[in-house]
There are 2 protein chains.
Amino acid sequence: MGDSAHGTENLRVVNLKQLSELLGLSQTTISRALNGYPEVNAQTRLRVLKAVQETGYRPNRAARRLATGKAGSIGLIMPIASEQSADIHFAEFQRGLADECLAHEFHFVIMPSQPDEEEQAIRGLVSSGSVDAYYLAYMRERDSRIAMAKSLPTPFIVHGRSLGLAEDYPYVDVDNERAFREATEFLLDLGHRRFALINGPADLDFAIRRRMGIEQALATRGLTLEDHAVSNTLMTDASGYRQMARILDSDVRPTAVLCASTVLALGAVRAISQAGKVLGRDISLIAHDDDLMLLKPENFIVPLTTTGSSLRDAGRRIAERLIAAVADPDAPALLGELWTADLIVRASTGPAPT
Amino acid sequence: MGDSAHGTENLRVVNLKQLSELLGLSQTTISRALNGYPEVNAQTRLRVLKAVQETGYRPNRAARRLATGKAGSIGLIMPIASEQSADIHFAEFQRGLADECLAHEFHFVIMPSQPDEEEQAIRGLVSSGSVDAYYLAYMRERDSRIAMAKSLPTPFIVHGRSLGLAEDYPYVDVDNERAFREATEFLLDLGHRRFALINGPADLDFAIRRRMGIEQALATRGLTLEDHAVSNTLMTDASGYRQMARILDSDVRPTAVLCASTVLALGAVRAISQAGKVLGRDISLIAHDDDLMLLKPENFIVPLTTTGSSLRDAGRRIAERLIAAVADPDAPALLGELWTADLIVRASTGPAPT
DNA sequence: TCTTTCCCTCAAAGCGCTTTGAAAGCCTTT
DNA sequence: AAAGGCTTTCAAAGCGCTTTGAGGGAAAGA
């Protein structure tokens, strides 16, 4: 098939022993040379580095893990409810994780899991020593995973929080409550009085907090958010459409709708225009924007007013903290980190129709 | 803090030695009991299983890897061009991978990499023994990664193919050429004569083949696809919008547009309606649909005619083949697998306007 | 010249598992 | 009662690396 264009034409994957024989050096010296220990002659180190280049030698990760206790990887559980599909939010987060991992020569290990087997999956990942640290996401109320994680010796960070539990665990979260409270206040100031919420799955912490935020803002004006004005669904275009259609169909039609994701908003907006209504005039909408490159709120036909916070940045930050915790296990554990989402006003919000 | 609700309250992660001391059995026997060897007394095996339950013991994966040579994981490179973001297509594929991995107790290891360092990244993953097998994607023309992969002893599968190379490597691909040829023929039969293509990145194999498919169909009617009628961009909503706007603006406006993804179509459709044109009447559009749950072609205001093929199924199939190759390295290596995309006619296509 | 010091290199142990080859125990069979 | 055949268990080696503690050689000091 022709020779490779590359210098390295080695079928065999070399190991340290072979390399040491090749160089006439002990395995110790080579290991030291590669790991930057000072007690190696500069000449020798150069020889070693050259040989590594030529042979394509890479330390076996499993062996290194066994010897050092460090795997150079962080773990995550990929939630796999059979009805739900690839989640762009998960992907965007992963992208941030990847950015940071790349910079530190970490990789990440993904363990798919059914929602009801997540604890098992974490245990598996951790006690099998596959990862040095891991992150927990898709938190529910009083989530039992947190207690479990704390009982395990491996560092972890929660993405999000868990209502009903003391916040004595490391986390990175967006202040969803505040974001939706402020968004609601903004709409109240525009004169809106009838609200609806197209929310994520009902059991997830972020969904609960978003609802709470709205309710708090409404309460200050003596208003309430009725159950039938709230829907909990998967974050897909189709769900957004369906829920908005339902809202538009209701007896006392809400004039202001909050939406847990731009993906949901996509369908919601479609329903609105199909009903012949004008977004920002007949009905106002604010969506939470996770800064998905795929779908920018400013590119909607009527640019969307949003509460914005970058999921990718969150991924990056979580990887950063995780990797730091692995590098220095004795470092003082910093705990919660609450990010503020920005309310960005665009054209999808306007005065309440009279 | 309260006691855990769970039976397992072990901070320490136990290992085989501790377990053997606990049970008064040798490590050998326990290992055999757990790995299903026949020469273990049924009673003894029960005792072992019970102890494993209670202690939460999991074999250390690194140690097992070292002893057996199998890591129980498959690897993938996550492309990280700084300008590009989380790719929903990558996520959807991953989801299929996950389904299959879960069934076989595999996990997958993701190594993020800049596009120009992918070969390095693969080498790293493979020669460090982090994975038992891996998959290659985002193939380019005459992609050098294939030769490299073949020179390495680790099983791999290519998702897609690489033009200009003999197809003597294992792959799973959709027949993009045929899909777009047939889609074009369908449009030709509707009377369309001026075509445009909103394509993926120009260097990717699938993008090249899709263009070829169109050109083939056009050639049979003595037509050609001009360079300026083709655009190559990232697969985002915003790109789709921009490109369609450009198309609508051109002197001799095309009446039929093919689109490499429903994500691109999303923006494209917006541009069309914003221009006051009616999809399926003033302009016809066919998009390739990777079966993203996020975005269903049948849910567009004007349901989209598509060429469809499930990315998730591809992921599942690739994991299946990879895992099989790991389980039995001597099995006859089956090579290419070419899937056919289905043309599904909906409302976004109609007779060419006269 | 002999000792001390420093620099460089090495042999060996150990990380936690699987697996080979041997041995112990218990029945059958002769 | 001894020999042979099962079944069940075990000790030890080895996977490829890092790391400890020690040793050899050269330069410096006595």
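Please read all numbers here as calculations on a predicted model, not as lab measurements. Every chain is numbered from 1, with letters handed out A, B, ... down the list of sequences. Side chains included, hydrogens not; waters and symmetry mates left out as well; all remaining heavy atoms used.
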Separation of [X] atom [atom1] from [N] atom [atom2], in whole Å?
X: A/Arg32; N: D/dT19; atom1: CZ; atom2: C1'; result: 7 Å
X: B/Leu19; N: C/dT18; atom1: CG; atom2: P; result: 12 Å
X: A/Ile30; N: C/dC10; atom1: CD1; atom2: C1'; result: 12 Å
X: B/Glu39; N: C/dA24; atom1: CD; atom2: P; result: 19 Å
X: B/Asn35; N: C/dC17; atom1: CG; atom2: P; result: 11 Å
X: A/Leu22; N: D/dG16; atom1: CG; atom2: C1'; result: 17 Å
X: B/Leu23; N: D/dT8; atom1: CG; atom2: C1'; result: 16 Å
X: A/Leu34; N: D/dG16; atom1: CG; atom2: C1'; result: 14 Å

A/Arg61 CZ to A/Thr68 OG1 distance, which is reported to the nearest 0.5 Å: 10.0 Å
Sugar-phosphate, base or nothing in reach of A/Arg58, heavy atoms under 4.0 Å: sugar-phosphate
Just the atom pairs and distances: protein N or O near nucleotides 11-15 of chain D's N or O, under 3.5 Å.
unit_1, atom_1, unit_2, atom_2, d
D/dA11, N7, B/Thr28, OG1, 3.4
D/dA11, N6, B/Thr28, OG1, 2.6
D/dC15, O2, B/Leu66, O, 3.4
D/dC15, O2, B/Ala67, N, 3.4

Given D/dT8, D/dT19, C/dC10, the nucleotide with the shortest approach to the side chain of A/Tyr37: D/dT19
Closest listed nucleotide, where the reference is the side chain of B/Ser31 and the choices are D/dT9, D/dT18, C/dT19: C/dT19
Distance-only donor-acceptor check, side chains B/Ser26 and B/Thr29, under 3.5 Å: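 Short answer, yes.
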When you check the gap from the basic side-chain N to the acidic O, do [X] and [Y] get nearer than 4.0 Å?
X: A/Asp168; Y: A/Lys150; answer: yes
X: B/Glu118; Y: B/Arg140; answer: yes
X: B/Asp99; Y: B/Arg312; answer: yes

Close aromatic pair by centroid cut-off 6.0 Å: A/Phe108 and A/Phe106: no
Ring centres under 6.0 angstrom apart (B/His159, B/Tyr171):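 Ring centroids of B/His159 and B/Tyr171 are no less than 6.0 Å from each other.
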Any B/Asn41 side-chain N or O less than 4.0 Å from OP1/OP2 of D/dT8: yes
